[in-house]
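One structure is given here, and the rest of the page talks about it.
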Amino acid sequence: MAIIRQLDEQTANMIAAGEVVERPMGVVKELVENSIDAGAKRITVSVEEGGIASLTVSDDGCGMDSKDAVNAFLRHATSKIRSSEDLWDIGTLGFRGEALPSIASVSKLTLVTSDGTDCTKVVIEYGKTVSVSAWPCNQGTEITVENLFYRTPARLKHLRSGAYENSLVQDVIMKFAMSHPEIAFRFVSSGKEAFRTTGSGDLKEVIFQCWGREAAEAAIPVSFSDFDYQVSGYLVKPNITRASRNFMHIFLNGRMVKTYRLYQSVMDGYEDFIVKGRKPLCVLNIRMDPHLLDVNVHPSKWEVRISKENQLEYLLKDNVREALKNTMLAPNIRPSRESVQYEQIPLETNLTFHKPFVSAPEPQANVTPAPEMEPAFIPDVPHVKPEPVRTEPEVPEVTETPVTLTEPEPVVQKLPEMQVIGQLHEKFILCACEAGLAVIDQHAAQERVHYEEYCRALNQNPVMLDCLVPLTLAAGDDLVRRIDELNAAAADLHITFEPFGHDTLLVRSIPAWMKDLEEEPFLQDVLDNFRNERKSSYTRMEKKKIATMACHHSIRFNRALTMQEMNEVVRQLNDCENPYHCPHGRPTFVILDEKDLAKEFLR
Ligand code: ADP
Ligand code: MG
């Protein structure tokens, strides 16, 4: 007996609804996408109870005539594609024709729409059309969704508090605002306007409206491209970071998607500049030929497949890194009123100044420079370079010019000119510089110096050391068979593996820099990463090891340094490619601005 039956349309829609819309945020996402596809310039979203009780999306887009207003609720009915070939050339956010019938199957939905001629109102309750009537309204569309999931208790239970759902809705509208700065968005929550953008097209303004002044001020414009991808947007300098990736926005052809590999590439670009474990803020719009982007992966359209994804990953990583390198300078710290305590302090401050010590001139003394002021106190190591030296600790103007691949910014990577004054608490090197007082973290500074030394060694033809006893590595049959491929991948590390039996590899010599590592576990990691084909994490791992090595070989906190040693630290730091951060992203020095100091003394 035949037992297979086709499901009725309402059941099919409810099944689709499970995938298309999980919560109010998903409904808002689908409706706003429709508004954007309709060419809207203004979109307003209002919610009650985070959208659980009701939500409305209204727009001034093209609207629909009365026939389309009804047809829009048919399953797989869409105006956006006509045939399967169009799936490879999608220029709209929607294309599946599933959202409206799905949403209407799990809520009470009211549509009011006008194309400038017809004006129509359609009411549908849990998949049943209740009424279709003429209804006076302006051109555009307004859709109200009430009592979402009221008749599907299992889904309703899945929702969290109104406040939580509200924050998800607000989040998704901010993402729309950032991906479409040319559209004016307004978000009203329980009758109160929570957020709005002007639609001026200025992304920085939207960043300000979404993330506040501080983030907008720290946002560096970027614009770079290769043959297939054009990327533009803003990177927020990593002095502002977050614990989660929620503030990393990457849009593909104006579409918000979850693209973990691309997030990772951007984080890799930030790696040298950001404190370990913290996540950056950024907004990047990536444009590409729609043929390179398969959006037909999941009904909710959050997932995509990107052709040439590796190429895009490298493009992002390299350019993010370059843009940050060109803009990251020493953080300028300001004494904050709250943190300054005017207490009596004992005279003995453990400030180990080295002879000859430059004392600050007496306030009113009309002084001739004390003999100690002679440059003689910078002994044999001249740290002043003949090249022009940037003296400003922060140069915001740099951020105004987009960083392009074709015309890189000619930024001079040099420290402000510094004169070592002394050491504080065996931890910090104090230097006078034009802007004020530079405080160098002696450990972080040396970590940076050693890190760059190791990286350089890695890039050059290294001195090879023969191992007394060759290193043997349990590699497995599979890797031994792929030995040529493996050796090609390990060429960067200057390592050559030799087969030894059917599942073991031998290494007879290692580059000199590797002797500071535990070679066997390091090489085993190389093999594991090769097996998993995670080239980027392999590079990351390499860097992590080098950073650890650099850390071990750097001067510790709590070590008194001679004047000569301190000058040497400053000189070496000055020679670094990126002197501003240790390999873990912490600053190597900060500058206490003289003007701020003067203010503290009420001058
Ligand atoms: P899709 O967006 O995938 O085409 P939907 O179910 O979301 O499917 O919408 C069905 C159709 O209804 C759309 O193709 C579009 O023609 C029309 N439509 C939906 N929302 C709007 C709107 N806000 N303005 C104009 N037309 C709309
Ligand atoms: Mg749609």
Side-chain angles (χ1 to χ4, degrees), residues 9-10 12-22 25-46 55-84 86-87 89-107 109-124 127 129 132 135 137-145 172-173 176 179-180 183-186 253-257 290 294-302 304:
E9 178 133 340
Q10 164 64 1
N13 284 338
M14 285 178 72
I15 291 171
E19 291 176 308
V20 180
V21 288
E22 276 195 329
M25 179 272 281
V27 177
V28 169
K29 177 173 179 281
E30 290 295 336
L31 297 181
V32 173
E33 283 185 349
N34 281 345
S35 298
I36 294 174
D37 285 345
K41 289 277 150 274
R42 313 190 75 80
I43 300 174
T44 301
V45 180
S46 41
L55 62 89
T56 301
V57 174
S58 56
D59 67 56
D60 61 354
C62 63
M64 288 175 263
D65 66 15
S66 51
K67 197 164 166 217
D68 276 354
V70 175
N71 286 344
F73 294 95
L74 298 177
R75 201 159 148 69
H76 295 308
T78 179
S79 57
K80 299 171 194 175
I81 59 171
R82 289 186 183 277
S83 68
S84 60
D86 296 342
L87 278 176
D89 196 13
I90 289 175
T92 48
L93 297 173
F95 59 93
R96 303 176 65 97
E98 275 185 310
L100 289 188
S102 302
I103 297 165
S105 73
V106 290
S107 67
L109 186 151
T110 308
L111 162 78
V112 175
T113 188
S114 167
D115 62 352
T117 314
D118 287 3
C119 300
T120 317
K121 178 178 178 181
V122 178
V123 181
I124 303 181
T129 306
V132 178
W135 194 265
C137 60
N138 292 330
Q139 181 172 344
T141 302
E142 181 175 285
I143 294 180
T144 300
V145 173
V172 90
I173 299 170
F176 276 119
S179 58
H180 293 86
I183 299 178
F185 285 90
R186 186 161 171 259
N253 287 348
R255 179 185 293 283
M256 61 181 83
V257 286
D294 180 4
V295 284
N296 189 19
V297 178
H298 186 272
S300 69
K301 298 170 286 173
W302 278 106
V304 289

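In listed order, ligands and their atoms are each counted from 1. Since the model is a prediction, treat every value here as computed from it, not as a measurement. Just so you know, residue 1 is the first one in the sequence shown, and it goes up from there.
You'll find the side chain of F73 stays beyond 4.5 Å of the side chain of T129, heavy atoms only. Between L55 and V45 the shortest side-chain heavy-atom distance does not fall below 4.5 Å. At least one side-chain heavy atom of N34 sits less than 4.5 Å from a side-chain heavy atom of L100. Contact of the M256 side chain with the V172 side chain is registered, since non-hydrogen atoms from C-beta on lie closer than 4.5 Å. Put simply, the side chain of H180 does not reach to within 4.5 Å of the side chain of I43, judged on heavy atoms.
The backbone N or O of D68 lies less than 3.5 Å from a partner atom in the side chain of D65, making a donor-acceptor pair. A donor-acceptor pair is defined here as one N or O able to donate and one able to accept, closer than 3.5 Å; no such pair exists between the side chain of R42 and the backbone of S58. Although no hydrogens or angles enter the test, the distance criterion places a donor-acceptor pair under 3.5 Å between the side chain of T113 and the main chain of M64. Looking only at distances, a side-chain donor or acceptor of D37 sits under 3.5 Å from a matching main-chain atom of G94.
Nearest protein heavy-atom neighbour of atom 22 (C) of ligand 1: T141 OG1, 3.7 Å. Nearest protein neighbour of atom 4 (O) of ligand 1, counting heavy atoms only, is T78 OG1, 2.5 Å. Closest protein heavy atom to atom 25 (C) of ligand 1: A38 CB, 3.6 Å. Scanning the protein for heavy atoms near atom 6 (O) of ligand 1, the closest one is L100 N, 2.9 Å. Annotation: atom 12 (O) of ligand 1 to nearest protein heavy atom, A72 CB, 3.5 Å.
Here E33 has no heavy atoms under 4.0 Å from ligand 1, in either its backbone or its side chain. Residue contacts with ligand 1 for D59 involve side-chain atoms from C-beta outward but no N, CA, C or O (heavy atoms, distance under 4.0 Å).
Among A77, S79, G97, the residue whose heavy atom sits closest to atom 10 (C) of ligand 1 is A77. Looking at M64, R75, K80, it is K80 that brings a heavy atom closest to atom 13 (C) of ligand 1. Selection from V57, L31, N34 by nearest heavy atom to atom 19 (C) of ligand 1 gives N34.
Per-residue contacts place P101 under 4.0 angstrom from the following atoms of ligand 1 (heavy atoms of the residue considered): 6 (O). Atoms of ligand 1 lying under 4.0 Å from at least one heavy atom of G94, given by number and element, are 2 (O), 3 (O). Within ligand 1, counting atoms from 1 as listed, the ones closer than 4.0 Å to a heavy atom of A99 are 6 (O), 7 (O).
Under 2.8 Å from the Mg ion (ligand 2) lies an N/O/S atom of N34, whether from backbone or side chain.
Checked against a 3.5 angstrom limit, the closest N/O atoms of D37 and ligand 1 fall outside it. Of the N or O atoms in C62, none lie within a sub-3.5 Å distance of an N or O in ligand 1.
With sequence neighbours excluded, the residues forming a side chain to side chain contact (heavy atoms under 4.5 Å, CB included) with K41 are D60, listed by chain and number.
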